[in-house]
Undergrad: 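Mind looking over this structure? Questions follow.
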Amino acid sequence: MTTTVAVFGSCNMDLVAYVGTAPKRGETVLGREFHTVPGGKGANQALAAAKAGAAVRMIGAVGEDDFGAEIRAVLQKSGVDVRGLRTVPGRSGTAHIVVDDEGGNSIVVVPAANAALDALADGDEDLIAGADSLLLQLENPFSGVAAAAAAGRRNGVRVVLTPAPAAPLSADLLSKVDLLVPNEHEAAVLAGAEDPHRALAALLELVPEVVITLGARGSLYGDRTGTWVEVPSFPVDAVDTTAAGDTFVGVLATALGEGAEVPEAMRLASAGAAVSVQRAGASSSMPTRAEISALLA
Ligand code: ADP
């Protein structure tokens, strides 16, 4: 059964420099290589879900520049429905990424057009209402994220929030979230607890289901019925962890929407993320369903 996933979120052009060691403040280092690749948490999650087999609808905003046209084209090429993707005056969002030799990254995001996604536009509610899940992140204005979450809840859609970049969340927004998927850092910020098990328990006071992703150490799920699931990551040589979390979420939502149980959905999500960290770039690193299955075979 094909599941339908709506994404309300950011679209960026990632400007990626590969270096031995990332520069400290005041330091200049020579990079090895540079490339541009579409990214942004919203577009990444949309592409990950589409490549994993979901029917995906992207609600977002790009600028009137070449980057915007390229982001739109990449989404369309992967079969993503872009009726909800508007083109607004000015520049597209950009992410300035430094990837080091260990595959670690540091990122500056300039939102630009993403700042225009501050409310629902005509047609957005229909796109959301017809989906099984709605994927949200925090790279757009809070008012837009909150309006989308409310539309998801009104229409009985599973609302999945990646709370990144880490920010305090209102009780109103959290009351409309079904599944929260922070990484370890975001979980610590939201829960005020460093230990993932303690953070997970604290976050379950706020939302009914939580997955904390722990990088190479895997992921941890809990819900209010007392179910806990720990899934190790796949041991692979990471070259670029950009969008590991977005790949994880896109595949997780697809698998859950298809009816998989949580442990199976997490295994698929972990396999998808493991494939993505072995490749450079965000949108260019997302695996197909066949590649995910091959790792699990
Ligand atoms: P984010 O990209 O949001 O910071 P994480 O770093 O926690 O998220 O990664 C998300 C998921 O991607 C992890 O739970 C794990 O399954 C997978 N992953 C991340 N890094 C690696 C790695 N080095 N090797 C294998 N899997 C990884």
Side-chain angles (χ1 to χ4, degrees), residues 7 9-10 12 14 16 37 39-49 51-52 95 97-107 109 135-139 160-167 179-191 194-197 199-200 203 209-222 228-256 262-287 291-292 294-296:
V7 181
S10 57
N12 292 328
D14 289 353
V16 194
V37 60
K41 289 190 171 294
N44 289 344
Q45 294 187 359
L47 287 165
K51 292 187 89 171
I97 304 179
V98 174
V99 179
D100 66 31
D101 271 349
E102 285 166 18
N105 61 52
S106 47
I107 307 177
V109 174
L135 307 188
L136 302 172
Q137 322 78 32
L138 300 176
E139 290 185 337
V160 181
L161 174 64
T162 303
L179 169 62
L180 188 69
V181 190
N183 68 13
E184 197 169 11
H185 163 70
E186 292 142 11
V189 170
L190 286 178
E194 290 290 330
D195 173 68
H197 288 85
L200 195 132
L203 293 175
E209 290 183 283
V210 176
V211 174
I212 301 179
T213 62
L214 304 168
R217 284 180 292 117
S219 51
L220 184 62
Y221 167 92
W228 287 71
V229 179
E230 277 195 73
V231 173
S233 72
F234 287 79
V236 296
D237 285 329
V239 299
D240 181 355
T241 58
T242 311
D246 295 330
T247 307
F248 186 98
V249 170
V251 177
L252 183 74
T254 302
L256 290 173
V262 168
E264 173 63 9
M266 288 185 47
R267 251 166 56 80
L268 280 161
S270 305
V275 175
S276 82
V277 302
Q278 295 174 80
R279 298 179 185 158
S283 59
S284 50
S285 72
M286 269 91 194
E291 288 169 328
I292 297 172
L295 191 60
L296 290 169

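Indexing begins at 1, ligand by ligand and atom by atom, following the structure's order.
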Undergrad: What are the atoms of ligand 1, with element, lying closer than 4.0 Å to any heavy atom of Gly218?
TA: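 By the 4.0 Å cutoff, the relevant atoms are 13 (C), 14 (O).
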Undergrad: Quick check: does any side chain N or O of Asp195 sit under 3.5 Å from a backbone N or O of His197, one acting as donor and the other as acceptor?
TA: yes
Undergrad: Using a 3.5 Å cut-off on N or O atoms only, is Thr213 in polar contact with ligand 1?
TA: yes
Undergrad: Got a donor-acceptor contact below 3.5 angstrom from the Thr241 side chain to the Gly104 backbone?
TA: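 No; judged by distance alone, with no hydrogens or angles, the pair does not exist.
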Undergrad: Geometry only, no angles: is Gly245 polar-contacting ligand 1 at N/O separations under 3.5 Å?
TA: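 Yes.
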Undergrad: How long is the straight-line distance from CG of Leu203 back to CG of Leu180, given to the nearest 0.5 Å?
TA: 6.0 Å
Undergrad: Please state which part of Leu214 comes within less than 4.0 Å of ligand 1, counting heavy atoms only: side chain, backbone, both or neither.
TA: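 For Leu214, only backbone atoms sit under 4.0 Å from ligand 1.
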Undergrad: Using modelled atom types only, decide if a donor and an acceptor are shared between the side chain of Lys41 and the backbone of Gln137 within a distance under 3.5 Å.
TA: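 No, the answer is negative, given that no donor and acceptor are paired below the 3.5 Å cut-off.
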Undergrad: Test Val109 against every option in Asp14, Asn12, Ile97 by the side-chain contact (heavy atoms from CB on, under 4.5 Å) rule and name the one that passes.
TA: Asn12
Undergrad: By number and element, which atoms of ligand 1 are closer than 4.0 Å to a non-hydrogen atom of Phe234?
TA: 24 (N), 25 (C)
Undergrad: Counting heavy atoms only, which of Pro235, Ser233, Ala244 comes nearest to atom 26 (N) of ligand 1?
TA: Ser233
Undergrad: Flag Phe248 as yes when one of its N or O atoms lies below 3.5 Å from any N or O atom of ligand 1, and as no otherwise.
TA: no
Undergrad: Heavy atoms, side chains only, cut-off 4.5 Å: are Arg217 and Ser233 in contact?
TA: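 Answer no - side chains too far apart.
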Undergrad: Tell me which protein heavy atom sits closest to atom 6 (O) of ligand 1, plus the residue, atom name and distance to 0.1 Å.
TA: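 In this structure, atom 6 (O) of ligand 1 has Gly215 CA, 3.5 Å as its nearest protein heavy atom.
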Undergrad: Under 4.0 Å from any heavy atom of Ala216, which atoms of ligand 1 are there?
TA: 20 (N), 21 (C), 22 (C), 23 (N)
Undergrad: In terms of atom number and element, which parts of ligand 1 are under 4.0 angstrom from non-hydrogen atoms of Val236?
TA: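 Taking each heavy atom of Val236 in turn, ligand 1 has 24 (N), 25 (C) under 4.0 Å.
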Undergrad: Using a 4.0 Å heavy-atom cut-off, which part of Asn183 comes near ligand 1: side chain, backbone, both, or neither?
TA: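 It is the side chain that gets close, since no backbone atom is under 4.0 Å.
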Undergrad: Heavy atoms only: which of Ala238, Gly272, Ala273 lies closest to atom 12 (O) of ligand 1?
TA: Ala273
Undergrad: Taking the side chain as everything from C-beta on, heavy atoms only, tell me whether Leu295 gets closer than 4.5 Å to Glu291.
TA: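 Answer no - side chains too far apart.
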Undergrad: Between Ile212 and Leu214, is there a side-chain heavy-atom distance shorter than 4.5 Å?
TA: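 The answer is yes; the side chains approach within 4.5 Å.
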